[in-house]
Amino acid sequence: MLTEMTGAATEGRGRLLGKSAVITGAAFGIGRATAVLFAREGARLVVTDIQGEPLLALAEELRHSGAQVETVVGDVSVQNDAERMIRAAVDRFGRLDVLVANAGIIPLGDVQEVTATDWDNVMAIDGRGMFLTCRFAIEAMLPTGGGAIVCLSSISGLAGQKRQAAYGPAKFIATGLTKHLAVEWADRGIRVNAVAPGTIRTERVERLPEEPGGSEYLAAVERMHPMGRIGEPAEVASAIVFLASDDASFITGAVLPVDGGYLAQ
Ligand SMILES: NC(=O)c1ccc[n+]([C@@H]2O[C@H](COP(=O)([O-])OP(=O)(O)OC[C@H]3O[C@@H](n4cnc5c(N)ncnc54)[C@H](O)[C@@H]3O)[C@@H](O)[C@H]2O)c1
């Protein structure tokens, strides 16, 4: 099961050996694939999500493979919950080395279709939630000399796309937060980078055909990726591991496309 989920990923090389990491939105999709790969690379994990049952199931799976795993069920947009997620790593592992700020929702629609509520929700979770978890993570990293944060931006956080009138601007926040925090904390040993995935075959994307116009949208988006396919969660997880690891020791403020060439056009 774990091997299937990480796709092309090979045996762990210990690139995150002993590092204490928090991953938000770990129950499904990119967050889940990242948790699996982090465990394989030797990280000690706090996996967090708003959905308790699938999160606990993931944690059980990871423990069976030998990983040290803590869980926190909570909502990243709620200040106390965000703080609990970070504190869990310090309480259990004595430090925080890595945050993957991944939790998010993806409401699709043009500016006539999405509502003010859609806007508020995506800004609360993808925007405020990322701000809060980064804020508490930086506070936790400072006493031990630094760490690495990887935020989930998107191709929609670097370029315009159709039907992303609320989601796209929220991902521009991820890009902006990454660059500003990178500069703000570079001299204190904290690196802040982002990945900008193209369309990735996660649970969210697999539900698209259930939405009006969803199938057509997905087919069109697939054609827009020069590689002629959408990506797999494990392909994003690999890039996140790199940015979180010491292999990326001189990289901060970068927004790395993981998009099959989408942004190169
Ligand atoms: N799938 C894509 O095509 C794609 C592309 C670019 C960027 N991204 C970004 O990657 C991240 C993950 O997306 P995904 O496709 O894996 O989505 P997903 O829906 O498959 O998984 C998102 C996870 O976040 C959790 N979550 C949602 N709201 C939360 C909250 N308030 N607090 C805590 N957890 C919450 C969900 O329960 C779920 O487990 C998002 O930030 C998204 O914007 C996804």
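Both ligands and their constituent atoms are indexed starting at 1 by order of listing. The model shown is predicted, which means the values in this text are computed figures rather than measured ones.
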Any heavy atom of Ile50 under 4.0 Å from ligand 1? The part involved is both
Nearest protein heavy atom with distance in Å, relative to atom 28 (N) of ligand 1: Ile125 CG2, 3.8 Å
Ligand 1 N/O within reach of Phe28 N/O, cut-off under 3.5 Å: yes
Would you mind listing which atoms of ligand 1 come within a distance below 4.0 Å of any non-hydrogen atom of Gly29? 16 (O), 20 (O)
Sub-3.5 Å donor-acceptor pair from the side chain of His225 to the main-chain atoms of Thr199, do we have one? yes
Counting non-hydrogen protein atoms only, what is the nearest one to atom 7 (C) of ligand 1? Give residue, atom name and distance. Ser153 O, 3.2 Å
Taking NZ, NE, NH1 and NH2 as the nitrogens, is one of them in Arg229 or Glu235 under 4.0 Å from a carboxylate oxygen of the other? yes
Out of Thr34, Val76, Ile155, who gets a non-hydrogen atom closest to atom 32 (N) of ligand 1? Val76
Polar contacts were defined as any N/O atom of the residue lying under 3.5 Å from an N/O atom of the ligand; does this apply to Thr199 and ligand 1? no
Just which atoms of ligand 1 are under 4.0 Å from any heavy atom in Arg204? 19 (O), 20 (O)
Nearest-neighbour protein heavy atom for atom 37 (O) of ligand 1, which is reported as residue plus atom name and distance: Asp49 OD1, 2.6 Å
Quick note on ligand 1: atoms under 4.0 Å from a heavy atom of Val205 include exactly 1 (N), 3 (O)
Among protein heavy atoms, which sits nearest to atom 23 (C) of ligand 1, and what does the distance come to when rounded to 0.1 Å? Gly25 O, 3.5 Å
Closer than 3.5 angstrom, by distance alone: can the side chain of Glu203 be matched with the main-chain N or O of Gly29 as a donor-acceptor pair? yes
Geometry only, no angles: is Tyr167 polar-contacting ligand 1 at N/O separations under 3.5 Å? yes
Sub-4.0 Å heavy-atom contact, Gly74 with ligand 1: yes
Can you find an N/O atom of Ile30 closer than 3.5 Å to an N/O atom of ligand 1? yes
Electrostatic pair Arg207:Glu210 at N-O distance under 4.0 angstrom: no
Between Tyr262 and Gln161: side-chain donor-acceptor atoms closer than 3.5 Å: yes
Does a side chain donor of either Thr117 or Asp120 reach within less than 3.5 Å of an acceptor in the other side chain? no
To atom 27 (C) of ligand 1, the nearest of Gly104, Ala103, Gly198 on a heavy-atom basis is Gly104
Would Glu113 and Arg163 pass as an ion pair if we require N to O under 4.0 Å? yes
Quick one, Arg128 with Leu132, criterion side chain to side chain contact (heavy atoms under 4.5 Å, CB included). Give me CA distance, side-chain angles, the key distance, then yes/no. CA-CA 6 Å; Arg128 176 186 159 92; Leu132 285 173; 4.0 Å; yes
Please state which protein non-hydrogen atom is closest to atom 15 (O) of ligand 1 and give its distance, to 0.1 Å? Thr202 OG1, 2.7 Å
List the steps and the verdict of side chain to side chain contact (heavy atoms under 4.5 Å, CB included) for Leu108 and Arg204. CA-CA 11 Å; Leu108 292 180; Arg204 171 66 188 94; 4.1 Å; yes
Regarding ligand 1, does Lys171 bring an N or O atom to under 3.5 Å of one of the ligand's N or O atoms? yes
Side chain or backbone, does Asn102 bring an N or O within less than 3.5 Å of an N or O on ligand 1? yes
Presence of salt bridge, Asp126 and Lys171, under 4.0 angstrom: yes
What residue and atom, counting heavy atoms only, is the protein's closest point to atom 3 (O) of ligand 1, and at what distance? Ile200 N, 2.8 Å
Under 4.0 Å between a side-chain nitrogen and a carboxylate oxygen: does that hold for Arg191 and Asp246? no
When you compare the side chain of Thr24 with that of Asp49, does any pair of heavy atoms fall below 4.5 Å? no
Atoms of ligand 1 less than 4.0 Å from Asp75 heavy atoms? 30 (C), 31 (N), 32 (N)
Test of proximity, Ser154 against ligand 1: N or O pairs below 3.5 Å: no
Applying the side chain to side chain contact (heavy atoms under 4.5 Å, CB included) criterion to Ile149, which one of Thr178, Ile138, Thr133, Asn193 satisfies it? Ile138
